[in-house]
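Take a look at the structure set out below.
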Amino acid sequence: YNEKHGIVPKNKKKTKEEILSKRSILDIRGKEKVVEYGSDNNTNIAADPIVAYASRDQLEKMIKETERKMKKAAKELDFMEAAKFRDELFSLKAKLKDK
């Protein structure tokens, strides 16, 4: 078939950075702006100075909200974002233990 139609098979080469910069299926298909993990300006909520002074109830609300965001990201197959929220969740839970 290839010879008959003049098709020459070629390997598609991508760099490691190109592969890792893709965060979801939509990125690969070119339907969403590519943003590399960690390059956005959203800081970790656990690093926020307000968290250091939050009450136990406030921390519990932050934990529930972060867990909801993590599950939503995982459901949308955005595993890099879900991992970011998971790390945030661990930090918040550690702060809660310290209270």
Side-chain angles (χ1 to χ4, degrees):
Y1 179 87
N2 286 356
E3 289 176 6
K4 182 178 176 182
H5 293 92
I7 298 172
V8 179
K10 297 179 184 175
N11 287 336
K12 190 165 187 173
K13 296 181 182 180
K14 289 187 179 184
T15 65
K16 183 172 112 178
E17 289 77 22
E18 287 175 319
I19 294 168
L20 293 176
S21 71
K22 304 299 181 191
R23 295 176 59 199
S24 71
I25 299 293
L26 294 175
D27 290 341
I28 294 167
R29 294 183 182 152
K31 297 189 185 234
E32 187 177 305
K33 181 182 174 189
V34 176
V35 178
E36 292 185 24
Y37 177 68
S39 67
D40 57 354
N41 290 331
N42 296 338
T43 57
N44 186 330
I45 192 170
D48 190 351
I50 295 171
V51 174
Y53 301 106
S55 69
R56 186 171 188 81
D57 290 336
Q58 290 170 327
L59 280 174
E60 288 173 355
K61 286 179 185 178
M62 288 180 202
I63 288 171
K64 286 180 184 177
E65 180 65 18
T66 304
E67 191 170 7
R68 184 191 63 77
K69 289 178 183 178
M70 177 186 70
K71 288 179 180 180
K72 181 181 177 204
K75 187 176 182 180
E76 294 173 355
L77 303 179
D78 190 355
F79 299 117
M80 295 299 286
E81 190 73 14
K84 184 175 94 172
F85 287 126
R86 179 206 58 213
D87 296 342
E88 207 170 279
L89 191 62
F90 289 151
S91 298
L92 287 171
K93 285 183 178 182
K95 291 208 181 280
L96 185 63
K97 284 184 182 180
D98 292 342
K99 293 259 176 194

E65 side chain near R68 side chain, heavy-atom distance below 4.5 Å: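 A side-chain contact exists here, since the closest heavy-atom pair is under 4.5 Å.
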Tell me, do L96 and I63 make a side-chain contact under 4.5 Å, heavy atoms counted?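 They are in contact (side-chain heavy atoms under 4.5 Å apart), so the answer is yes.
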Which distance, rounded to the nearest 0.5 Å, do you find between the [atom1] of [X] and the [atom2] of [Y]?
X   : Y   : atom1 : atom2 : answer
L92 : E67 : CG    : CD    : 11.0 Å
S55 : E60 : OG    : CD    : 8.5 Å
R86 : S91 : CZ    : OG    : 10.5 Å

Considering all heavy atoms, the nearest T66-F85 contact: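 Scanning both residues, the minimum pair turns out to be CG2-O, 3.4 Å.
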To check you understand the geometry: which heavy-atom pair defines the closest contact between M70 and A82, and what is its length?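 Distance-wise, the nearest heavy atoms are CG-O, 3.5 Å.
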Whether E81 and K84 form a salt bridge (side-chain N of Lys/Arg under 4.0 Å from carboxylate O of Asp/Glu) is what I want to check.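 Counted as a salt bridge, because a side-chain N and a carboxylate O are separated by less than 4.0 Å.
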